[in-house]
Amino acid sequence: MYFIPDNRDGFEKLASKISKDDLIAMEATGIYHESLYKFLDSNGYKAIILHPYQFKNISKTMNNSKNDKLLITANEPELV
């Protein structure tokens, strides 16, 4: 798990760890997902916003998979 700050520096760190071929799914969290979504979208990344219920179900599926690459959150202290 990687933690990023919710600002441009954090978003650029995230961008350095992902490919524009990746699909980035994020949970709708009030207004907190909006700046990251705008950053990704304006820089050519594929991003989707999911309802928290959808995200929870997908996260459960991914945690049982051997293919999940990263789980990133902006709600914790920075570790990247």
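A quick note: this is a predicted structure, and the numbers were derived from the prediction, not measured.
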Residue pair Glu27 / His33: nearest heavy atoms and the distance that separates them: O-CB, 3.6 Å
Minimal non-hydrogen separation, Ala47 against Met26, with atom names: CB-CE, 4.2 Å
Qualifying residues under side chain to side chain contact (heavy atoms under 4.5 Å, CB included), relative to Asn7, sequence neighbours excluded: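 Applying side chain to side chain contact (heavy atoms under 4.5 Å, CB included) to Asn7 gives Pro5, Asp9.
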Pairing residues for Leu23 by the side chain to side chain contact (heavy atoms under 4.5 Å, CB included) criterion, not counting sequence neighbours: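 Expected list: Lys46, Ile48.
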Partner residues of Phe39 under the ring pair (Phe, Tyr, Trp, His ring centres under 6.0 Å) criterion, sequence neighbours left out: Phe11
Partner residues of Glu12 under the salt bridge (charged side-chain N to carboxylate O under 4.0 Å, His left out) criterion, sequence neighbours left out: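 In terms of salt bridge (charged side-chain N to carboxylate O under 4.0 Å, His left out), with neighbours along the sequence ignored, Glu12 is linked to Arg8.
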Nearest-0.5 Å distance, [atom1] of residue [X] to [atom2] of residue [Y]:
| X | Y | atom1 | atom2 | value |
| --- | --- | --- | --- | --- |
| Ile24 | Ile49 | CD1 | CD1 | 12.5 Å |
| Asp22 | Tyr45 | CG | OH | 9.0 Å |
| Lys17 | Lys13 | NZ | NZ | 9.0 Å |

Donor-acceptor contact present, side-chain Asn43 to main-chain Leu40, <3.5 Å: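 Here the side-chain-to-backbone pair does not exist.
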